[in-house]
Chemist: 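I'd like to ask some things about the structure below.
Within every chain, numbering begins at 1; the chains are lettered A, B, ... in the order of the sequence lines, protein sequences first and strands thereafter. None of these values were measured; they are calculated from a predicted model.
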2 protein chains.
Amino acid sequence: MKKISQTEENYLKAIFSVSESKGKAASTNEISKEIQISAASVTDMFKRLSEKGLIDYKKHKGVKLTEKGNQHATKLVRKHRLWEVFLVEKLNFDWGEVHDIAEELEHINSDELINRLDKYLDYPKFDPHGDPIPDADGIFEIRSQILLSELDLEKTGIVVGVQEHAPAFLEYLDRMKLGLGSSITILEKFDFDQSLRVKIEKKELTLTAKVAQNLFIQTKEK
Amino acid sequence: MKKISQTEENYLKAIFSVSESKGKAASTNEISKEIQISAASVTDMFKRLSEKGLIDYKKHKGVKLTEKGNQHATKLVRKHRLWEVFLVEKLNFDWGEVHDIAEELEHINSDELINRLDKYLDYPKFDPHGDPIPDADGIFEIRSQILLSELDLEKTGIVVGVQEHAPAFLEYLDRMKLGLGSSITILEKFDFDQSLRVKIEKKELTLTAKVAQNLFIQTKEK
DNA sequence: ATTAATTTTTAGGTTAGTCTAAAAATAAAA
DNA sequence: TTTTATTTTTAGACTAACCTAAAAATTAAT
Ligand SMILES: [Mn+2]
Ligand SMILES: [Mn+2]
Ligand SMILES: [Mn+2]
Ligand SMILES: [Mn+2]
């Protein structure tokens with residue numbers, strides 16, 4: 001039961017995120033890109049995490065989280081997202097400012113702390129970016145959602161999340177008065193550049209393909 | 001303007017605490033004892049901190065914080081104590097449980113975060129143990145206080161702080177219904193073991209010298 | 001003023017986590 | 001099915017933080 005270092009935790013999260021909750025293996029290069037560290041160093045760390053029983057690693061085959069590794073990664077995601085809720089709901093941070101701070105806060109090591117925080121925030125199910133928050137047992141809802149770019153002409157949907165978390169993107173959405181809960185109707189689709197003419201609440205505006213590919217939408221017919 | 005690591009921060013705090021705010025130099029051995037690290041390692045770190053302009057170090061002469069080092073240490077104390085207030089006031093932790101968690105939280109690196117937290121907590125002046133909290137400019141009140149062991153016979157004082165922060169001591173105080181704000185009157189002093197017979201609110205009880213030497217008291221005549 | 005005790009520094013070593021360059025394995029193309 | 005390109009691993013090095021044991025400096029006692 002060795003301690004898991006902050007560095008190791010960041011790798012676990014990267015592996016979790018690259019292999020999307022579970023299932024497919026994460027490759028050396030994918031992790032290298034995700035956390036901006038050389039592939040050689042990633043191989044090194046794979047060996048160490050494997051040694052600790054947090055991942056299954058076979059040379060040239062990529063890695064998968066073990067049950068233990070998955071549990072730890074899930075707890076990190078829980079902590080990250082709960083802290084984001086705290087920062088936005090209680091300290092009035094903007095949703096674009098919280099990620100980097102949560103990236104540090106997620107490593108604070110206290111179950112008591114995180115469970116009390118959860119209670120204090122009234123057990124939120126989603127973070128400020130619409131991402132689901134695992135509960136104390138690691139269970140979280142997977143919401144049925146599609147990308148705005150996949151929404152059919154003349155249909156209406158509600159924004160429930162963002163794929164891209166970059167501050168620049170989130171600030172752009174703020175300026176467009178687009179946020180979680182916004183209602184969007186597709187008025188027209190332009191094939192030559194995949195841009196969209198949409199109606200948001202009362203206003204009409206044009207969204208680029210890039211924007212449409214980074215907004216998660218929920219439609220009425222679940 | 002190099003980054004200051006978590007480890008370096010812990011040394012800065014230790015130096016700050018050993019040299020009591022400012023003034024006298026902190027010796028290698030004192031720091032070694034304070035943070036439970038070998039004297040050889042402490043010497044190593046003194047060189048590095050000195051290199052970074054955070055302390056003045058001359059061989060065999062101990063160290064003193066520079067202005068820059070003092071500012072950084074003061075900010076750490078501010079963060080530590082504000083987080084402690086948060087944990088007790090908002091998350092309902094007991095005052096004996098918060099120190100270790102704050103020991104981690106104090107290293108989160110965001111001025112925006114700490115200043116918003118300060119506001120959220122309504123700019124508290126003292127932490128749950130009665131220790132003063134530096135403001136955003138590093139200024140903090142030094143309260144006039146004495147130890148309970150120094151209080152004269154038949155005098156009355158109010159508990160305003162604790163010297164010892166160990167959970168066992170704080171739990172003992174809880175069990176004795178003693179906390180910040182408690183009023184204590186000295187009824188009798190026993191010379192042979194320095195124990196005291198005191199009155200707290202309505203009840204009479206005996207306190208050992210050890211307890212009396214770890215409670216800070218404020219008397220009416222400031 | 002010597003000697004003895006204590007404190008501090010140096011020397012040499014270890015581990016975690018990183019890097020670059022080169023070698024080996026795998027996957028893609030011809 | 002060879003050849004070529006890409007991915008992954010290995011080899012060798014570095015830095016931050018630690019350690020123990022030994023040397024040097026300071027302080028305290030005789
Ligand atoms: Mn992180
Ligand atoms: Mn988020
Ligand atoms: Mn600390
Ligand atoms: Mn405190």
Chemist: Map A/Tyr11 and B/Lys58 onto DNA chain C by nearest heavy atom, then report which one ends up closer to the 5' terminus.
Modeler: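 On the 5' side of the pair lies B/Lys58.
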Chemist: Sequence neighbours left out, what passes salt bridge (charged side-chain N to carboxylate O under 4.0 Å, His left out) with A/Glu112? Give chain and number order.
Modeler: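 Partners of A/Glu112 under the salt bridge (charged side-chain N to carboxylate O under 4.0 Å, His left out) test: A/Arg116.
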Chemist: Can any side-chain N or O of B/Glu104 pair as donor or acceptor with the backbone N or O of B/Ile101 at less than 3.5 Å?
Modeler: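 No; zero donor-acceptor contacts below 3.5 Å.
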Chemist: Mind checking what makes salt bridge (charged side-chain N to carboxylate O under 4.0 Å, His left out) contact with B/Glu103, not counting sequence neighbours?
Modeler: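 Partners of B/Glu103 by the salt bridge (charged side-chain N to carboxylate O under 4.0 Å, His left out) criterion, ordered by chain and then number, come out as B/Lys13.
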Chemist: In this structure, how many angstroms lie between the P atom of D/dC18 and the NZ atom of A/Lys3, rounded?
Modeler: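 Taking NZ of A/Lys3 and P of D/dC18, I get 13 Å after rounding.
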Chemist: Tell me, which pairs form a side chain to side chain donor-acceptor pair (under 3.5 Å) where one or both residues lie in residues 73-82 of chain A, sequence neighbours left out?
Modeler: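 Found A/Lys75-A/Asp111, A/Arg78-A/Asn115, A/Arg78-A/Asp118, A/His80-A/Glu84, A/His80-A/His99, A/His80-A/Glu106.
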Chemist: By side chain to side chain donor-acceptor pair (under 3.5 Å), which residues pair with A/Ser149, not counting sequence neighbours?
Modeler: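 In terms of side chain to side chain donor-acceptor pair (under 3.5 Å), with neighbours along the sequence ignored, A/Ser149 is linked to no residue.
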Chemist: Is the NZ or CZ atom of A/Lys90 both under 6.0 Å from the centre of the six-membered ring of A/Tyr120 and within 45° of that ring's axis?
Modeler: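 The answer is yes, since A/Lys90 meets both limits relative to A/Tyr120.
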Chemist: List, with names and distances, any nitrogen or oxygen atoms from the protein found under 3.5 Å away from nitrogen or oxygen atoms belonging to nucleotides 22-28 of chain C.
Modeler:
none

Chemist: Does any residue of residues 37-52 of chain B have a heavy atom under 4.0 Å from DNA chain C, and if so, which ones, in number order?
Modeler: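 Contacting residues: B/Ala39, B/Ala40, B/Thr43, B/Lys47.
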Chemist: What pairs with A/Arg143 under salt bridge (charged side-chain N to carboxylate O under 4.0 Å, His left out), at least two apart in sequence or on another chain?
Modeler: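 Salt bridge (charged side-chain N to carboxylate O under 4.0 Å, His left out) check on A/Arg143 returns nothing, list empty.
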Chemist: What pairs of residues pass the side chain to side chain donor-acceptor pair (under 3.5 Å) test when at least one of them lies in residues 45-61 of chain A, not counting sequence neighbours?
Modeler: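 Of all non-adjacent pairs touching residues 45-61 of chain A, those that pass side chain to side chain donor-acceptor pair (under 3.5 Å) are A/Glu8-A/Lys52.
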Chemist: Apply ring pair (Phe, Tyr, Trp, His ring centres under 6.0 Å) to B/Tyr11 and list each qualifying residue two or more places apart in sequence or on a separate chain.
Modeler: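 Testing B/Tyr11 for ring pair (Phe, Tyr, Trp, His ring centres under 6.0 Å), a comparison that skips the adjacent residues, returns none.
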Chemist: Considering just the side-chain nitrogens and oxygens of A/Ser5, establish if one lies under 4.0 Å of OP1 or OP2 belonging to C/dA16.
Modeler: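 Indeed not, no polar side-chain atom of A/Ser5 lies that close.
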Chemist: Just to verify, what does A/His72 make a ring pair (Phe, Tyr, Trp, His ring centres under 6.0 Å) with, not counting sequence neighbours?
Modeler: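 Expected list: none.
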Chemist: Using whole Å, report how far CD of B/Gln6 lies from C1' of C/dA16.
Modeler: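 So the two atoms are 15 Å apart, to the nearest Å.
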Chemist: Just N and O in the side chain of B/Thr28: are any of them under 4.0 Å from OP1 or OP2 of C/dT9?
Modeler: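 Answer yes for this pair, as a side-chain N or O of B/Thr28 is under 4.0 Å from OP1 or OP2.
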Chemist: If an axis is fit to five pairs at each end of the helix from C/dA1-D/dT30 to C/dA30-D/dT1, what is the angle between the two, to the nearest 10°?
Modeler: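 Axis-to-axis angle, ends of the helix: 0°.
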Chemist: In whole Å, I'd like the distance from the CD atom of B/Glu30 to the P atom of C/dT6.
Modeler: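 Atom CD in B/Glu30 sits about 17 Å away from atom P in C/dT6.
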Chemist: Looking across every strand, which nucleic acid part, if any, lies under 4.0 Å from A/Glu8 by heavy atom: base, sugar-phosphate, or nothing?
Modeler: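 Sugar-phosphate, no base atom in range.
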Chemist: It should be established whether B/Asn29 places a side-chain nitrogen or oxygen under 4.0 Å from OP1 or OP2 of nucleotide C/dT8.
Modeler: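 The answer is yes; a side-chain N or O of B/Asn29 sits under 4.0 Å from OP1 or OP2.
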Chemist: Once ring pair (Phe, Tyr, Trp, His ring centres under 6.0 Å) is applied, do any residues pair with B/His107, and if so which ones, sequence neighbours excluded?
Modeler: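 Scan of B/His107 (ring pair (Phe, Tyr, Trp, His ring centres under 6.0 Å), adjacent residues dropped) gives none.
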Chemist: Looking only at side-chain N and O atoms, does A/Ser27 come under 4.0 Å of OP1 or OP2 in D/dT8?
Modeler: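 Yes, A/Ser27 has a side-chain N/O under 4.0 Å of OP1/OP2 on D/dT8.
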Chemist: Are OP1 or OP2 of D/dT8 and a side-chain N or O of A/Tyr57 less than 4.0 angstrom apart?
Modeler: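 Checking A/Tyr57 against D/dT8: no side-chain N or O falls below 4.0 Å of OP1 or OP2.
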